[in-house]
Amino acid sequence: MRIGYPCLNRSIGCSPSKTFRLASYTDERLEDTVSANLSCLKKILIYNAEHGLLFLRITSDIVPFASHEVCSFPWQVRFSAAFAELGNYCRKNGFRISMHPDQFVLLNAPDERVLARSIADLAYQTAVLDLMGLDRTAKVQIHVGGVYGDKAAAMDRFVKNYRALAPEIRARLVIENDERLYSAADCLALHTKTKIPIILDTFHHSLNNNGEPVNELFSAIRETWNRRDGIPMVDYSSQQGGKRTGAHAETLDPENFSLFLSESRDFDFDLMLEIKDKEKSALQALALAWGDKRLVTVAMPD
DNA sequence: GGCAGTCAAGTACGC
DNA sequence: GCGTACTTGACTGCC
């Protein structure tokens with residue numbers, strides 16, 4: 001088990017998600033922004049190595065507008081050496097890496113223009129991981145998509161569109177259960193037709209489930225990841241008190257987290273903490289998990 | 001410098 | 001029909 005957090009680090013004084021308005025796009029602006037974002041990403045990786053946080057989700061904004069038609073800059077060529085260096089650092093430190101396109105990426109969209117934009121974005125995120133030279137344990141995670149008034153048809157469309165993807169995208173793509181439309185059971189049904197690995201989001205599962213016993217679910221999910229995909233990834237969060245159901249917690253709930261560790265003790269996975277205070281919660285989680293036989297560590301964290 | 005409004009993108013849901 | 005929410009954070013114009 002490696003423990004990590006998504007996208008941003010609030011302690012180090014830079015953001016890897018710098019962007020700009022579409023209206024102010026220029027090649028120069030893009031080049032400067034990506035350069036700054038990659039330099040910040042390097043700082044995050046160094047921080048993570050120093051603190052024993054070995055799982056990181058790279059922000060989709062690392063190359064702003066990368067999959068947009070406005071983007072005419074050959075960023076893959078310009079930054080190939082920088083991406084390779086970041087990837088080397090990840091491998092050297094035993095990091096697990098993921099990316100998570102946002103809610104606009106819909107592989108089962110009936111509208112072909114939406115589908116085309118979605119595939120372009122998947123190609124971009126796949127290219128980032130490929131440029132970093134990461135093996136296929138580095139994943140791009142998406143939700144199944146919309147229902148469009150006919151769930152069976154929407155799932156069939158997912159299968160069809162998934163099968164038509166380029167092999168390099170399929171090698172990285174994984175699906176995650178969401179809190180309203182597609183449960184873990186729905187994802188497992190899609191797995192039987194596509195062999196796509198499944199990321200379990202435990203918080204979403206608590207809001208949208210079919211009453212599965214935890215052990216059965218972890219067992220089934222584990223079987224969707226083959227050796228080349230690495231051990232499963234799991235997203236963890238908990239409910240923020242006083243906010244709408246489904247709102248992610250601002251800070252780690254130690255009691256809830258310890259219970260989660262205990263309930264999942266028979267299963268190994270890499271764990272992403274989707275808590276709003278980011279690395280702070282991840283460090284707390286690492287401390288709470290300390291001594292857990294699953295934990296991968298490089299050194300005792302500070 | 002600080003603030004408020006707005007920002008590429010899609011869908012579903014509650015009012 | 002419209003506003004809101006989503007992993008939300010970051011940019012921009014105005015004071």
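Below, all heavy atoms of this structure are taken into account, side chains as well, without hydrogens, waters or symmetry copies. In the text below, chain A, chain B and the rest are named by the order of the sequence lines, each starting its count at 1.
- Using a 4.0 Å heavy-atom criterion, one finds that A:His100 contacts no nucleic acid atom at all.
- One finds a side-chain N or O of A:His248 lying less than 4.0 angstrom from the OP1 or OP2 phosphate oxygen of C:dT7.
- With rounding to whole Å, A:Leu207 atom CG is found 11 Å from C:dT7 atom P.
- One C1' atom belongs to C:dG3, the other to B:dG5, and the distance between them is 16 Å to the nearest Å.
- Side-chain contact of A:Arg294 with A:Ser264: a donor-acceptor pair under 3.5 Å is present, judged by distance alone.
- The distance between atom CG of A:Asp102 and atom P of B:dC7, rounded to the nearest whole Å, is 16 Å.
- C:dT8 and B:dG1 have their P atoms separated by 30 Å, with the value rounded to a whole Å.
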Using a cutoff of under 3.5 Å, can you pull out all pairs of nitrogen or oxygen atoms linking the protein to nucleotides 2-4 of chain C, with atom names and distances?
none

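- Shown here are the disulfide bond (SG atoms under 2.5 Å apart) partners of A:Cys40, two or more places apart in sequence or in another chain: A:Cys14.
- A distance of about 28 Å separates the P atoms of B:dC3 and C:dT7, rounded to the whole Å.
- Residues passing the side chain to side chain contact (heavy atoms under 4.5 Å, CB included) test with A:Asp253, sequence neighbours excluded: A:Ser238, A:Glu255, A:Asn256.
- Applying the side chain to side chain contact (heavy atoms under 4.5 Å, CB included) rule to A:Glu112 yields no partners; only residues at least two apart in sequence or on another chain are considered.
- Residues A:Asn177 and A:Asn208 are not in side-chain contact: their nearest non-hydrogen atoms beyond the backbone lie 4.5 Å or more apart.
- Hydrophobic clustering of Ile, Leu, Val, Met, Phe, Trp and Tyr side chains at less than 4.5 Å, counting indirect connections, unites A:Leu30 with A:Leu38.
- Between A:Trp75 and A:Phe65, the gap from one ring centroid to the other reaches at least 6.0 Å.
- The NZ atom of A:Lys276 sits 11.5 Å away from the OG1 atom of A:Thr251 when rounded to the nearest 0.5 Å.
- If you take CD of A:Glu250 and P of C:dT7, they are 13 Å apart, rounded to a whole angstrom.
- Within the hydrophobic cluster formed by Ile, Leu, Val, Met, Phe, Trp and Tyr side chains joined at under 4.5 Å, directly or through other members, A:Phe203 is accompanied by A:Leu207.
- Between A:Tyr124 atom OH and B:dA8 atom P the separation is 16 Å, expressed in whole Å.
- For A:Arg157 and A:Tyr148, the positive end sits near the middle of the six-membered ring, less than 6.0 Å away and at most 45° from its axis.
- Note: CD1 (A:Ile199) to P (C:dT7) measures 13 Å, nearest angstrom.
- With P as the reference atom, B:dA9 and C:dT12 are 16 Å apart, rounded to whole Å.
- Annotation: B:dG10 and C:dG9 have their P atoms spaced 22 Å apart (nearest Å).
- Nucleotide B:dA8 holds its C1' atom 10 Å from the CG atom of A:Asp121, rounded to whole Å.
- Residues satisfying the salt bridge (charged side-chain N to carboxylate O under 4.0 Å, His left out) criterion with A:Lys160, sequence neighbours excluded, are absent altogether.
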Item to check | Watson-Crick and G-U pairing of DNA chain C, under 3.5 Å, as dot-bracket with | and [ ] | outcome: ||||||..|||||||
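- Residue pairs meeting the side-chain hydrogen bond (donor to acceptor under 3.5 Å, both in side chains) criterion with at least one partner in residues 62-74 of chain A, sequence neighbours excluded, are A:Asp27-A:Ser72, A:Ser67-A:Asp121.
- Put simply, CD on A:Glu176 is 9 Å from C1' on C:dT7, counting in whole angstrom units.
- Remark: A:Tyr47 engages A:His51 in a ring-ring contact (aromatic ring centres under 6.0 Å, His included) (not counting sequence neighbours).
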Checklist entry - How would nucleotides 10-15 of chain B be written as a contact map, 5' to 3', with B for base contact, S for sugar-phosphate-only contact and - for no contact, using protein heavy atoms under 4.0 Å? => result BSSS--
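- Not counting sequence neighbours, the partners of A:Phe267 by the ring-ring contact (aromatic ring centres under 6.0 Å, His included) test are A:Phe218.
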Checklist outcome for this item: Each nucleotide of nucleotides 9-14 of chain C classed B (base within 4.0 Å of a protein heavy atom), S (only sugar-phosphate) or -, in 5' to 3' order, makes SBBS--
